[in-house]
Amino acid sequence: MSNRLDVLLAGLASEDPSVRDGWAYEELAAGIDQGRFAGDIDLIRATAVTRLLSDQVQVRTFAPLILTWLVHSGDRDRDAFDAVASWYLSETDTRGYDVHLGWLHAVAHGADYLGACAAAGIARGPEVLEILVRRMLAGGAVWQDMENARVAAAAALALARCDREESTAWLAPIDDALRTLEEAASANPESDRPPAWLHNLFAACCTLYVALAEQPRDGETALEVPHADHARAGMAQVLGDMAPWLLAARDA
């Protein structure tokens, strides 16, 4: 038996993962995909955007998932993108999973939405890459639940919409961050443990590099990235800077 939209929206905010993940999200996503809620898109979008400001982490982190389904269904609201971008860069709870709340996955869910917006033309590839880089360089815990792959997938979708220059321009903030880190390490050699963001950055960039070297996909469809080789050359330089004992940096 199908649930009413208000019941599904309430369930999507539940602290109980068996409610939120178990049926509310699945039924709402399927309903959007099948056109069941075609007349309620504005309400669903407004609810999701408002929830980005919630004081409950599971409420915030499931909002982008529903907005992603709206994008897939044809919604092209730019204000929603701006709201998600603001939330994504300010979110401090980046846990993938909590034993009581279940899956939270702020980093992954936000990346899914950003990648969908790049693919749909709601946002330009370079601006999506800029947001992803800022998230990779942000503080927080080490990613443990394949967030690196979801960020890489979004970056690949954005790179598919970049020209040659844009395909490496997004690496400049990474160069700056690595230079600052090196200077800080030189000034305080006793603090040589890599920060969490360096692990996250390295994992995401390695994943993206491999994807571009093989055949990245957008779901079940092969994703064509016109300047993949140029992007990989630039990334090789960055990866070499992060792990010079393993990788020889190359000119981009």
Side-chain angles (χ1 to χ4, degrees), residues 17 21 25 29 57 60-69 71-72 84-85 87-89 91 93-98 102-120 123 125-162 167-168 170-171 173-174 177 194-225 227-229 231-232 234-236 238-239 242-243 246-247:
D21 247 348
Y25 168 66
V57 61
R60 297 193 303 272
T61 61
F62 268 67
L65 281 183
I66 292 306
L67 290 170
T68 300
W69 281 99
V71 171
H72 290 324
V84 173
W87 159 77
Y88 196 57
L89 294 175
E91 179 59 61
D93 193 335
T94 57
R95 291 173 295 165
Y97 185 82
D98 177 80
W103 287 107
L104 301 173
H105 247 176
V107 173
H109 293 173
D112 292 348
Y113 174 78
L114 294 171
C117 285
E127 66 180 320
V128 169
L129 287 168
E130 178 189 1
I131 296 167
L132 292 172
V133 167
R134 290 174 65 185
R135 181 71 264 180
M136 284 187 267
L137 295 174
V142 170
W143 300 340
Q144 302 182 70
D145 297 295
M146 294 294 287
E147 289 91 344
N148 59 296
R150 304 278 277 275
V151 169
L157 287 168
L159 281 169
R161 278 78 187 172
C162 289
S167 70
T168 54
W170 62 281
L171 298 170
I174 299 177
W197 65 259
L198 187 64
H199 170 91
N200 298 338
L201 174 67
F202 190 74
C205 285
C206 282
T207 305
L208 178 58
Y209 185 96
V210 172
L212 295 178
E214 297 298 326
Q215 175 57 73
R217 304 187 68 80
D218 178 10
E220 297 181 355
T221 306
L223 177 66
E224 296 301 323
V225 181
H227 303 287
D229 289 345
R232 284 196 303 112
M235 292 173 65
V238 168
L239 290 168
M242 282 190 273
L246 175 65
L247 303 168

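Within the 3.5 Å criterion, the main-chain N or O of Thr61 finds a donor-acceptor partner in the side chain of His109.
Shortest non-hydrogen contact noted between Pro216 and Ala156 is CB-CB, 4.5 Å. Across Ala204 and Trp143, no two heavy atoms sit closer than the pair CB-CZ3, 4.3 Å. Gly96 and Trp103 make their closest contact through O-CE3, 3.1 Å (heavy atoms, listed as atom of the first residue, atom of the second, distance). Residues Gly234 and Thr168 share a closest heavy-atom pair of CA-CG2, 4.2 Å. Summarising the geometry of Ala116 relative to Leu157, their closest heavy-atom pair is N-CD1, 4.4 Å, with the distance given to 0.1 Å. In plain terms, the two heavy atoms of Ala231 and Ser167 that are nearest each other are CB-O, 3.6 Å.
Contact annotation: the side chain of Trp170 never approaches that of Cys162 to less than 4.5 Å [non-hydrogen atoms, C-beta and beyond]. Counting only heavy atoms from C-beta outward, the side chains of Thr94 and Asn200 never approach each other to under 4.5 Å.
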Taking only distance into account, with no hydrogens and no angle test, what donor-acceptor pairs under 3.5 Å do side-chain atoms of residues 126-141 form with protein atoms, sequence neighbours excluded?
{"unit_1": "Glu127", "atom_1": "OE1", "unit_2": "Arg78", "atom_2": "NH2", "d": "3.0"}
{"unit_1": "Glu127", "atom_1": "OE2", "unit_2": "Arg78", "atom_2": "NH1", "d": "3.0"}
{"unit_1": "Glu127", "atom_1": "OE2", "unit_2": "Arg124", "atom_2": "N", "d": "2.8"}
{"unit_1": "Arg135", "atom_1": "NH1", "unit_2": "Tyr88", "atom_2": "O", "d": "2.7"}
{"unit_1": "Arg135", "atom_1": "NH1", "unit_2": "Glu91", "atom_2": "O", "d": "3.0"}

Q: Evaluate the side-chain contact (heavy atoms from CB on, under 4.5 Å) criterion for residues Gln215 and Glu224: first the C-alpha distance (whole Å), next the side-chain angles of each, then the deciding distance (0.1 Å), finally the verdict.
A: CA-CA 8 Å; Gln215 175 57 73; Glu224 296 301 323; 4.1 Å; yes
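Going from atom CZ of Phe202 over to atom CG of Leu246 covers 6.0 Å, rounded to the nearest 0.5 Å. The CG atom of Asp145 lies 11.0 Å from the CZ atom of Arg95; values are rounded to the nearest 0.5 Å. To the nearest 0.5 angstrom, Asp21 atom CG is 11.0 Å from His105 atom NE2.
Every pair passing side chain to side chain donor-acceptor pair (under 3.5 Å) that includes a residue from residues 146-160 is listed here, sequence neighbours excluded: Asp112-Arg150, Asn148-Thr207.
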